[in-house]
Amino acid sequence: MEIGIWTGVVLGVLSTACYSAAAVAQRRLAVALPEPLTGGRPLSRLLRHPLWWASAGLNAGRAGLQVGALAFAPLTVVQPLGVLVLVFGLPWSARLGGRRVTPREWRGAVLTVLALALLLWAAVTGGRSRPMEAWTAAAVVVGALLLISGLAWAAGRAPSPGLRSCLLGAGAGTAFGVASATTKTAVAVAAADGAAFLLHPAACGTAAVAVLGLLLAQAAYQGMELGAPLGVTAVANPVSASVVGVAFMGESYTAGWTGAGIAVLCGLLAAYGIALMSVPDGRGPSPRPRSRRAPSPDGAPERSPIRPRRLPRGRFRSADGSASAPKEGLL
């Protein structure tokens, strides 16, 4: 293997490590700030917390390292390295949370990693990628925002925390995948037009979609352990990027109907693995204090019944309640 490809592999692994660290930071932030992000006050507290900016910086570093990795190695080498995010993130988050990863979670992680690796192989695209036109980029950004908003709306009405977390994770993964495609377009436009790329819809849309993805990922980690939402995000990210590349950037799907069938089976396998990793965080409501006895009908508090005092061995209580001395002559 050439030295350039090895450089791309190293940068890809570092990118995955940054992604895992960002996810763990967001999970710890979800534990520190468990309030739903549906009002101004929770968002204000979120933006003032150091962990939020740490996760944002790590995600930015992840994106930069991935761009560098793609400059040295092909997409078919760099993209499968994303499956390591579960291998890094799951035990790391459990360690910081003061618990151990259960065998059920490990089984789910292994199944999800295998399914994601096969899915990335089946979703290989070919052809020369071209940047999107301005109107195409605008349409992609608007469509992505509508889809992500729909997933967030459905998550707010989900009957269980697990389904809510998975829907939010799917929205975050879709946002990250679309942001990757628009970033590629913005970089190409910047190389051709210079500072004028800032006016291109891909540049403006990348920032909006990426920030929305970070917020959805943050909400997905509330009430659930890291495995399930991170697994959904890791699956939705490359799938959405591949869809945008094939539909709008001139790439072609090269796996055929066989690859499509494998992709469907991998999706089912990944769904089963994510279900195994769906573990609530266990932080239930604090126990309620024991209520006092209800007052009696006359308004006075009800007194607890008085139990008779236990007598020493050999003494007996007579019918009137008085204690009598032990009788002699009894065996």
Side-chain angles (χ1 to χ4, degrees), residues 8 11-12 15-16 18-19 22-23 55-71 73-76 78-79 81-82 85 120 123-152 168-218 220 232-253:
L11 292 176
S15 173
T16 303
C18 283
Y19 190 14
S55 64
L58 288 168
N59 274 297
R62 186 262 306 180
L65 288 170
Q66 189 174 24
V67 171
L70 291 173
L75 184 64
T76 54
V78 175
Q79 194 76 341
L81 296 176
V85 67
L120 292 174
V124 171
T125 57
R128 188 179 183 89
S129 177
R130 64 173 184 270
M132 291 181 283
E133 299 290 339
W135 69 269
T136 305
V140 168
V141 169
V142 172
L145 291 176
L146 291 176
L147 176 59
I148 295 167
S149 301
L151 289 172
L168 291 173
T174 302
F176 294 151
V178 172
S180 297
T182 54
T183 298
K184 193 172 183 179
T185 295
V187 170
V189 173
D193 300 337
F197 87 98
L198 294 175
L199 301 178
H200 198 278
C204 306
T206 298
V209 173
V211 171
L212 183 57
L214 285 176
L215 291 174
L216 289 179
Q218 182 62 52
V232 174
T233 303
V235 171
N237 187 341
V239 171
S240 58
S242 299
V243 169
V244 174
V246 171
F248 303 103
M249 300 180 69
E251 298 182 2
S252 58
Y253 182 70

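For reference, positions follow the sequence shown, starting with 1. What you are looking at is a predicted structure, and each value in this text was computed from that prediction instead of being measured.
Taking CG of Leu151 as the reference point, atom CG of Leu146 lies at 11.0 Å (rounded to 0.5 Å). In this structure, Glu133 CD and Met249 CE are separated by 11.5 Å, a value rounded to the nearest 0.5 Å. Note that CG of Leu147 is 9.0 Å distant from OG of Ser240, once rounded to the nearest 0.5 Å.
Pairing each heavy atom of Ala236 with each of Ala170, the nearest pair is CB-O, 3.9 Å. Residues Pro201 and Ala134 share a closest heavy-atom pair of CG-O, 3.4 Å. Heavy atoms only, all atoms of each residue included: Gly8 and Ala69 are closest at O-CB, 3.3 Å. Of all the heavy atoms in Ala172 and Gly213, the pair that sits closest is CB-O, 3.5 Å. Closest approach of Val209 and Ala175 over heavy atoms only: CG1-O, 3.2 Å. Nearest approach of Ala220 to Gly169, heavy atoms of both residues: CB-N, 3.8 Å.
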- prompt: Under the side chain to side chain contact (heavy atoms under 4.5 Å, CB included) criterion, do Tyr19 and Leu58 qualify, and how do the steps go?
  reply: CA-CA 7 Å; Tyr19 190 14; Leu58 288 168; over 6 Å; no
- request: Any chance you could lay out the side chain to side chain contact (heavy atoms under 4.5 Å, CB included) test for Leu65 and Cys18, step after step, and finish with the verdict?
  value: CA-CA 9 Å; Leu65 288 170; Cys18 283; 3.8 Å; yes
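When atom types are taken as modelled, the side chain of Ser15 and the backbone of Leu11 share no donor-acceptor pair closer than 3.5 angstrom. Of the possible donor and acceptor atoms, none in the side chain of Thr185 sits under 3.5 Å from a partner among the backbone N and O of Ala202. At distances below 3.5 Å, not a single donor-acceptor pair connects side-chain atoms of Thr136 with backbone N or O atoms of Met132.
Under the 4.5 Å side-chain criterion, counting only non-hydrogen atoms from C-beta, Leu215 is not in contact with Gln218. Residues Val243 and Phe248 have side chains not in contact (no heavy-atom distance under 4.5 Å, counting atoms from C-beta outward).
Exactly one of Thr233, Thr16, Asn237 qualifies for a side chain to side chain contact (heavy atoms under 4.5 Å, CB included) with Val85. That residue is Thr16.
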